[in-house]
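I have placed the structure first, in the form of structure tokens, so that the comments after it can refer back to it.
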Amino acid sequence: MSQPDTTEHSSYHIRTFGCQMNVHDSEHIAGVLESHGYHKATDIDSADVIIFNTCCVRQSAEDRVWGNLGAVRKGGSRVLAVCGCMAQRHGLGIIERSGGVDLVFGMEALGRLGDLIETARSAPVCDLGVVEEAAIDGLPAVRSSRAQAWVPISHGCDNNCSYCVVPRVRGPERSRSEQDVLEEIGRLAADGVLEVILLGQNVNSYGRDLGAAHSFAKLLEKIAQIDGIKRVKFETSHPGDLSDEVLDVMATCPPVCEYLHLPVQSGSDRILSLMNRRYDRDFYMQTAQRARDKVDGLTLTTDIIVGFPTETEEDFLSTLDLVERVGFDAAYMFIYSHRQGTAAASMRGEVSRQVIGGRFARLADLQARLTAASLARVTGERAEVLIEGPSRRGGLVSGRTRGHRVVLMEHPGPSMPLVEVHIDSAGKHSLRGTILREYD
Ligand code: 5AD
Ligand code: SF4
């Protein structure tokens with residue numbers, strides 16, 4: 001017996017994997033689809049077009065996508081599409097391997113998405129576009145939040161960290177023009193956006209490809225002056241490129257928030273050098289101290305990779321030692337993932353899964369203690385919180401402080417995006433608070 005066709009024609013469903021840049025790219029995918037008359041489906045099963053916006057930074061992220069792709073029910077005229085970093089990495093290989101994917105497209109081909117979907121209804125298509133096109137920022141977007149917006153300031157990455165596949169899939173660094181960024185933020189502010197989060201693989205090297213007159217510090221200062229913008233955050237920073245000027249702007253321009261995500265990756269000089277990170281542990285610790293000295297009440301977070309090839313117990317102890325000394329407010333910890341085509345992929349000295357598991361647990365324990373201490377420090381204080389939406393815990397809303405800490409609160413009513421909150425207590429990863437008042 002054939003299944004009844006319950007597909008809503010011209011409806012779409014997007015599943016996003018990976019980083020904030022992907023989350024934002026998905027807002028543009030939705031914008032382009034809506035400009036072609038598509039509407040958001042109620043769920044994946046009723047969608048006419050299903051798009052997986054993927055990540056390939058670690059093998060586990062790719063495995064999740066393959067698993068989810070296999071679970072999609074095909075049938076009728078439904079189109080299953082894959083875009084994002086896995087599309088860029090495997091191209092046509094995704095159609096060949098998956099059996100069910102009709103369309104693979106790159107973000108540089110997003111402007112053609114409407115036509116590509118129609119073509120894919122009769123035969124599989126792959127269109128990755130050309131990296132230099134970089135037209136995505138000018139395309140329509142459906143923003144997920146009214147008060148907050150993600151704004152890319154650059155695309156791609158010119159670093160060559162030996163473990164990382166990103167420069168291969170996202171191409172070399174291309175800064176957006178200052179005028180473009182400022183105009184977009186001006187429009188967002190006029191639309192009621194209070195907070196912008198600037199995105200780039202390495203925001204600190206912004207403008208290097210635009211000429212000597214451009215720098216991230218100058219851009220940040222101009223953004224902070226835009227009428228209506230109350231908070232500016234940015235990620236990700238590379239320790240080697242974080243200038244004193246940027247820290248000065250953070251310290252002196254009120255809208256620029258006291259939040260710095262500064263990936264360290266390892267605390268061992270030997271491993272940092274194998275990773276091609278361009279700094280050593282002393283330099284990192286001095287940079288972190290400089291940032292804390294200059295920016296009052298700074299929240300400092302990081303990324304750490306455990307089990308890079310040849311990592312010894314001594315190297316790992318150096319990482320634990322650095323983490324303890326710097327006292328990160330939060331950390332994202334990753335198990336090293338072998339990525340074909342990277343410099344690290346040809347390094348010998350793989351660390352066993354068992355050893356990596358033990359190290360990861362020790363690091364996670366230490367960071368849990370530091371995170372708890374960090375959250376306890378702000379308990380009892382008042383904080384400015386931007387409400388982002390309903391929390392996964394029933395009945396509460398979730399927001400973030402200027403330091404990017406998550407706060408859960410009772411629902412304040414529909415029109416209160418920016419509020420003053422009393423921090424009542426601390427959980428493992430978030431705070432509980434009570435709203436005191438709305439800001440004017
Ligand atoms: N294995 C594990 N973690 C990785 N990251 C990037 N590449 C890899 C890899 N091959 C981590 C880094 C980076 C974060 C976004 O992902 O810590 O900062
Ligand atoms: Fe990858 Fe390094 Fe670029 Fe970050 S800075 S995207 S880790 S190459």
Side-chain angles (χ1 to χ4, degrees), residues 16-25 54-64 84-86 88-89 131 152-175 198-206 208-209 216 234-242 260-268 271-279 284 287 300-311 315-316 319 322-323 326 328 330-347 349-351 353 356-357 359-360 363-364 367:
T16 307
F17 300 81
C19 67
Q20 272 327 313
M21 192 66 98
N22 270 12
V23 174
H24 177 66
D25 285 352
T54 61
C55 168
C56 66
V57 81
R58 281 171 291 277
Q59 186 61 40
S60 54
E62 290 208 32
D63 291 344
R64 227 176 2 255
C85 295
M86 272 175 78
Q88 229 61 59
R89 186 163 152 85
V131 161
I153 60 168
S154 61
H155 296 279
C157 182
D158 275 350
N159 283 314
N160 208 357
C161 303
S162 64
Y163 49 83
C164 186
V165 79
V166 167
R168 244 158 278 267
V169 293
R170 293 216 173 234
E173 185 173 277
R174 285 101 61 208
S175 302
L198 311 176
L199 293 179
Q201 304 298 340
N202 179 10
V203 287
N204 306 100
S205 60
Y206 171 83
R208 210 175 275 170
D209 51 338
F216 180 54
F234 53 85
E235 47 188 45
T236 292
S237 294
H238 189 292
D241 296 317
L242 178 68
L260 185 62
H261 182 60
L262 196 65
V264 64
Q265 313 296 4
S266 169
S268 151
I271 297 292
L272 285 171
S273 155
L274 286 175
M275 287 177 163
N276 195 25
R277 287 291 288 178
R278 304 190 277 114
Y279 54 84
Y284 185 92
T287 306
L300 183 64
T301 63
T302 201
D303 290 345
I304 302 164
I305 297 176
V306 178
F308 187 83
T310 77
E311 185 188 75
D315 293 319
F316 179 67
T319 298
L322 180 142
V323 168
V326 176
F328 292 107
Y332 298 91
M333 293 158 279
F334 306 105
I335 287 175
Y336 170 73
S337 177
H338 177 98
R339 303 282 65 202
Q340 206 78 53
T342 61
S346 57
M347 290 180 191
E350 190 185 336
V351 185
R353 278 178 170 269
I356 292 183
R359 287 183 190 160
F360 191 89
L363 177 63
Q367 187 54 51

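Predicted model only: the values in this text are computed from it and were never measured. Numbering of ligands and ligand atoms starts at 1, following listing order.
Nearest heavy atoms, Asn204 versus Leu242: ND2-CD1, 3.4 Å. Nearest heavy atoms, Cys85 versus Val169: O-CG1, 3.7 Å. Nearest heavy atom pair, residue Gln367 against residue Val323, reads OE1-CG1, 3.6 Å. Nearest heavy-atom pair across Gly156 and Gln201 is O-CG, 3.4 Å. Residues Arg277 and Pro239 come closest through the heavy atom pair NH2-CD, 3.7 Å.
Both the sub-6.0 Å distance and the 45° axial angle are not jointly satisfied by Arg64 relative to the ring of Phe17.
Panel note: side chain Tyr332, backbone Pro263; no donor-acceptor pair is recorded below 3.5 Å. Remark: the backbone N or O of Gly200 is not paired with any side-chain donor or acceptor of Ser154 at under 3.5 angstrom. Side chain of Asp158 to main chain of Glu173: a donor-acceptor pair is present (N/O by atom type, distance under 3.5 Å, no hydrogens or angles). Asn276 places a side-chain N or O within donor-acceptor distance of the main-chain N or O of Asn160, the cut-off being under 3.5 Å.
What sits closest to atom 4 (Fe) of ligand 2 on the protein, heavy atoms only, is Gln201 O, 4.4 Å. Shortest contact from atom 7 (S) of ligand 2 to any protein heavy atom: Tyr163 OH, 3.4 Å. Protein heavy atom nearest atom 4 (C) of ligand 1, with residue, atom name and distance: Arg58 NH1, 3.4 Å. Looking only at heavy atoms of the protein, atom 18 (O) of ligand 1 is closest to Asp303 OD2, 2.6 Å. If you check which protein heavy atom lies closest to atom 5 (S) of ligand 2, you get Asn159 ND2, 3.4 Å. Nearest to atom 2 (C) of ligand 1 among the protein's heavy atoms is Ile335 O, 3.4 Å. The protein heavy-atom contact nearest to atom 1 (Fe) of ligand 2 is Cys164 SG, 2.3 Å.
Between the CZ atom in Arg339 and the CD atom in Gln59 there is a gap of 4.5 Å [rounded to 0.5 Å].
Considering backbone and side-chain atoms alike, Arg339 places every N or O at 3.5 Å or more from each N or O of ligand 1. Backbone and side-chain nitrogen or oxygen atoms of Gln265 are examined, and one is located within less than 3.5 angstrom of a nitrogen or oxygen of ligand 1.
Listed by number with element, the atoms of ligand 1 under 4.0 Å from a non-hydrogen atom of Ile305 are 3 (N), 4 (C), 5 (N), 12 (C), 17 (O). Of all atoms in ligand 2, numbered sequentially from 1 with element shown, those under 4.0 Å from a heavy atom of Pro167 are 8 (S). Interface atoms of ligand 2 facing Val166, defined by a heavy-atom separation under 4.0 Å, are 6 (S). Taking a cut-off of under 4.0 Å to the non-hydrogen atoms of Tyr336, the atoms of ligand 1 that pass are 1 (N), 2 (C). Counting atoms of ligand 1 from 1 in the listed order, those under 4.0 Å from a heavy atom of Val57 are 6 (C), 7 (N), 8 (C), 9 (C), 10 (N).
For the ligand labelled ligand 2, residue Arg277 lies inside the 4.0 Å heavy-atom shell.
At a heavy-atom distance under 4.0 Å, no atom of Pro263 approaches ligand 2. Using a 4.0 Å cut-off between heavy atoms, Val165 makes no contact with ligand 1 at all. Both the backbone and the side chain of Tyr163 come within 4.0 Å of ligand 1, counting heavy atoms alone.
Atom 2 (Fe) of ligand 2 has an N, O or S atom of Cys161 inside 2.8 Å of it. Cys157 lies close to atom 3 (Fe) of ligand 2, since one of its N, O or S atoms is found at a distance under 2.8 Å.
Considering Ala345, Cys161, Cys19, Ser337 only, the shortest heavy-atom separation from atom 10 (N) of ligand 1 involves Ser337.
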Candidate pair Tyr163 and Gln265, rule side-chain hydrogen bond (donor to acceptor under 3.5 Å, both in side chains), full reasoning:
CA-CA 10 Å; Tyr163 49 83; Gln265 313 296 4; 3.2 Å; yes
Run the salt bridge (Lys or Arg N to Asp or Glu O under 4.0 Å) test on Arg208 and Asp241 for me, step by step, so that the C-alpha distance in whole Å, both residues' side-chain angles and the decisive distance to 0.1 Å come before the verdict.
CA-CA 11 Å; Arg208 210 175 275 170; Asp241 296 317; 2.9 Å; yes
